[in-house]
Every structure is written in C-alpha cells, then in structure tokens.
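Let me begin by presenting the structure, written as structure tokens, before commenting on it.
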Amino acid sequence: MNASSCARERDRGDRLPGTRMERVLAGLREWPKRIEPIWFYDPRGSALFERICTAPEYYLTRTEVSITRADAPEMAAALGPRVVLIEPGSGAGLKTRLLLEALHAPRAYVPVDISREQLMATTRRLRDDFPLLPVLPVCADFTEAFALPKVALHEEARRVVYFPGSTLGNFRRSAAIDLLRRMRAIAGTGGAVLLGVDRVKNEAILERAYNDSEGLTAAFNLNALLHLNRELGTDFEPAAFAHRATWVPDQSRIEMHLVANRRLGFVVGGERFEMARGEHLLTEYSQKYTLRDVADLARSAGLDVRRTWSDPQDWFSVLLLEPAVPE
Ligand code: TRP
C-alpha cells in the first residue's frame, strides 16, 4: 500500500467491495470498464489538480471563490459562532481560508484527506496563517466512516461539514446520497452542511472546463494509470490512451473517459484485459445540478436547503443545508 495514502482496504456504501486490488478488478470487469477516482490522487495528481483549478477554462474554482469572497460574512452569520469546521477532501483551500476568516470564533478546523502529503501541507499552511485556530487533521478516505477528534464532539461545538468544489458531483446518485447522509450524521441535529455545487449551463462552457488547452485535465486523467502501475504493479501504457470529457445531456453530467487509441491489453493482478480501439475506461462523473436537483438530493439524505448563494451568472452555488425537521 502507498505510504502516502491512508485509505483502509475496506468497502462501504455502493462502492466496489473488497481490497483495492479486488475493487480495481471488479471495475475493470464492468461494462464500460471503470476505475475509481481515488486513483487520481497521488502527489502528482494532487499537484495537477491544483493547477486545473487555476486554468482559464476551469471556471468552477474561480466562481466558487468569488461567491465565498462576496458572501462569507452572510455564511458566517448563518452558521453562527464557535463552529467546528470539518472538511472532507481538504484541498489547498483559498475558499476554506476565506470562510475561516469570516467565521466568528471558530473552535477548530478538521481537514480530512486520503493523501497524507496533501493533508500535512494543508495543515502546515493553515497553522501558519491561523495560529490561534486548532487544526486537527484526520487522514482517512472520507467516503468511509472516520473518527472525529474529541473537541469536535464537544456538546457546545456546532459541527459544520464543508464540502465545496462540487465534489458531490463526482459520485453517483446513490453514493452522493450516502455521502450526504454521512455528513448529516457527522453534523448531528444542531449542525449543518455547507455544500458547493456546479450548475447546469451551456454545453460548450462545460466541455471546455474539462478539456483545458494546456492539457492539465488530460494529464490528470492519465495519471490514474501511472498511479495504478506504481501501486498495483499493473502495466497500463498511458500513451495508448486518450483523455475524453463529454457532456451527457440526459444524465446532466460530464463524463471523463480514457479511450484506447488502438487495440490493447493489460494485466491486473494476474488477470488479462483487452480493449478494442475506441473502447473507453470511465474514470469520473461530474454531475451538474439545477437548484431543484440539489434540493431533491438533500431531501433524500434528510437535509433541507436553508440558504443559497450564487454568482451573478448562476454558474455555481453554495448551499446551507440543515437536518430536516421531522414533521
Ligand atoms: N469536483 C470538481 C469537478 O467535478 C473537481 C474535479 C474532480 C475534477 N475530479 C476532477 C476536475 C477531474 C477535472 C477532472 O469539476
């Protein structure tokens, strides 16, 4: 297992069952073949991802940052004082920083990340910039159950799960609902979820965001194969695959594929797989939402939308969700 990762070899929810190797095998036996997005995130993948976020075509981060910059005071007021902010999949965190600056006497910040390097880098930076704020990292795969630090469980603390970046859209519907349910459980009855989601919009804008001209998203997508080769001793030839990201209107999502540019084969855990020329591996979904979609999804997880903040073009939204009051 990767020294830099802290994923436990155990399955939850609707994910593929078994060890990492078994999960990869199960995904490759599906049609279309698929590999789980966790394989994007080794140190190189995390670095590429940070660069994607600043690519001119990739409007998501910029837009969410602008919403956060404009509305953090309102968000902070709505969240209230003494919040313990828990962030699954903590990134480098400009948005987080803006939010933490606006919060009234936050109790602690709990970044949760599968990559130990990423987590430690985030923690160091935040400790430097917020010397009075306890930063309590948790190294875990946030799609599985993880233990919270003690302060987060203190009665007076208001637990807020912060899930920006439209990361929810990278999960299939049932997994997204499971994840929201888990967040609701972490927040508890008095807590909240602050969720960033990308909105349905013009197809050309969407496709461009996932096909940046510098090829960063392509490199990021292909990096999953290098990561697999290194970790599981597979023999994927990245040069035989091409990045493809397309808008699928009837599913309202971008799908990321790795397309075989010739007939090819590879061996995983002693099992041989073949791909025809033009056949693809599915690597990720990026669901785009209407506000109605998000409200429905939240409802299915026992959460109600309390507030919505959007940019002037309605490209992206940040929503405050709270546990639904039973009727
Ligand atoms: N959640 C963001 C999105 O869907 C970021 C992201 C996750 C992403 N995986 C990605 C971006 C793969 C590009 C490629 O856009």
Side-chain angles (χ1 to χ4, degrees), residues 37 40-41 46 48-79 83 85-103 106 109 111-113 118 122 125-126 129 142 160-171 176 179-180 183 192-202 205-210 212 216-217 220 245 252-254 256 284-291 293-295 297-298 303 305-321:
F40 290 142
Y41 300 101
S46 299
L48 278 167
F49 184 64
E50 281 186 35
R51 291 178 61 199
I52 291 172
C53 291
T54 61
E57 299 89 344
Y58 195 76
Y59 61 85
L60 284 83
T61 310
R62 234 188 302 124
T63 310
E64 191 175 22
V65 165
S66 74
I67 298 167
T68 312
R69 191 164 270 134
D71 297 326
E74 266 186 48
M75 294 176 190
L79 292 172
V83 158
L85 194 70
I86 302 159
E87 184 173 353
S90 60
L94 175 56
K95 289 165 286 197
T96 305
R97 219 164 273 261
L98 291 168
L99 189 61
L100 285 171
E101 274 165 15
L103 284 175
Y109 173 64
V112 184
D113 206 282
Q118 181 75 34
T122 304
R125 278 187 253 171
L126 280 173
D129 295 354
F142 67 75
V160 175
V161 180
Y162 184 43
F163 204 48
S166 208
T167 306
L168 191 70
N170 303 126
F171 295 82
L179 201 55
L180 285 173
M183 291 182 202
V193 176
L194 193 63
L195 179 73
V197 292
D198 196 19
R199 307 269 297 265
V200 173
K201 62 182 65 63
N202 174 284
I205 295 168
L206 286 167
E207 286 197 342
R208 237 182 286 131
Y210 295 86
D212 64 279
L216 295 168
T217 310
F220 178 73
S252 210
R253 68 186 177 214
I254 291 281
M256 293 228 306
E284 186 141 85
Y285 294 147
S286 187
Q287 190 74 39
K288 306 302 167 191
Y289 303 93
T290 62
L291 289 180
D293 295 335
V294 197
L297 210 58
L303 291 161
V305 179
R306 296 268 179 254
R307 298 287 301 269
T308 304
W309 295 277
S310 309
D311 57 295
Q313 300 185 96
D314 280 336
W315 278 10
F316 200 98
S317 294
V318 178
L319 296 98
L320 174 65
L321 312 176

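Given the structure is predicted, the values throughout are model-derived calculations rather than measurements.
For the atom pair CD1 (Ile254) and OH (Tyr285), the distance works out to 13.0 Å, reported to the nearest 0.5 Å. Atom-to-atom distance recorded for Tyr58:OH and Ile52:CD1 is 7.0 Å, nearest 0.5 angstrom. Here the straight-line distance linking atom OH of Tyr109 with atom CD1 of Ile86 works out to 10.5 Å at 0.5 Å rounding. Atom CG in Leu94 sits 11.5 Å away from atom OG1 in Thr54 (nearest 0.5 Å). The line from CG of Leu100 to CG of Asp129 is 10.5 Å long, rounded to the nearest 0.5 Å. Atom OG1 of Thr63 sits about 11.5 Å away from atom CZ of Arg199, to the nearest 0.5 Å.
The backbone N or O of Ala55 sits nowhere less than 3.5 Å from a side-chain atom of Asp212 that would complete a donor-acceptor pair. Judged by distance alone, the side chain of Asp71 and the main-chain N or O of Glu74 form no donor-acceptor pair under 3.5 Å.
The aromatic rings of Trp315 and Tyr59 sit perpendicular, their planes meeting at an angle over 60°, well past the 30° parallel limit.
Two residues are said to be in side-chain contact when any heavy atoms from C-beta on lie closer than 4.5 Å; Leu99 and Lys95 fail this criterion.
If you look at Phe220 and Phe49, their ring centroids are closer than 6.0 Å.
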Legend entry - Intermediate values then yes/no, side-chain contact (heavy atoms from CB on, under 4.5 Å), Val193 and Tyr162: CA-CA 6 Å; Val193 176; Tyr162 184 43; over 6 Å; no
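Summarising the geometry of Leu98 relative to Ala72, their closest heavy-atom pair is O-CB, 4.0 Å, with the distance given to 0.1 Å.
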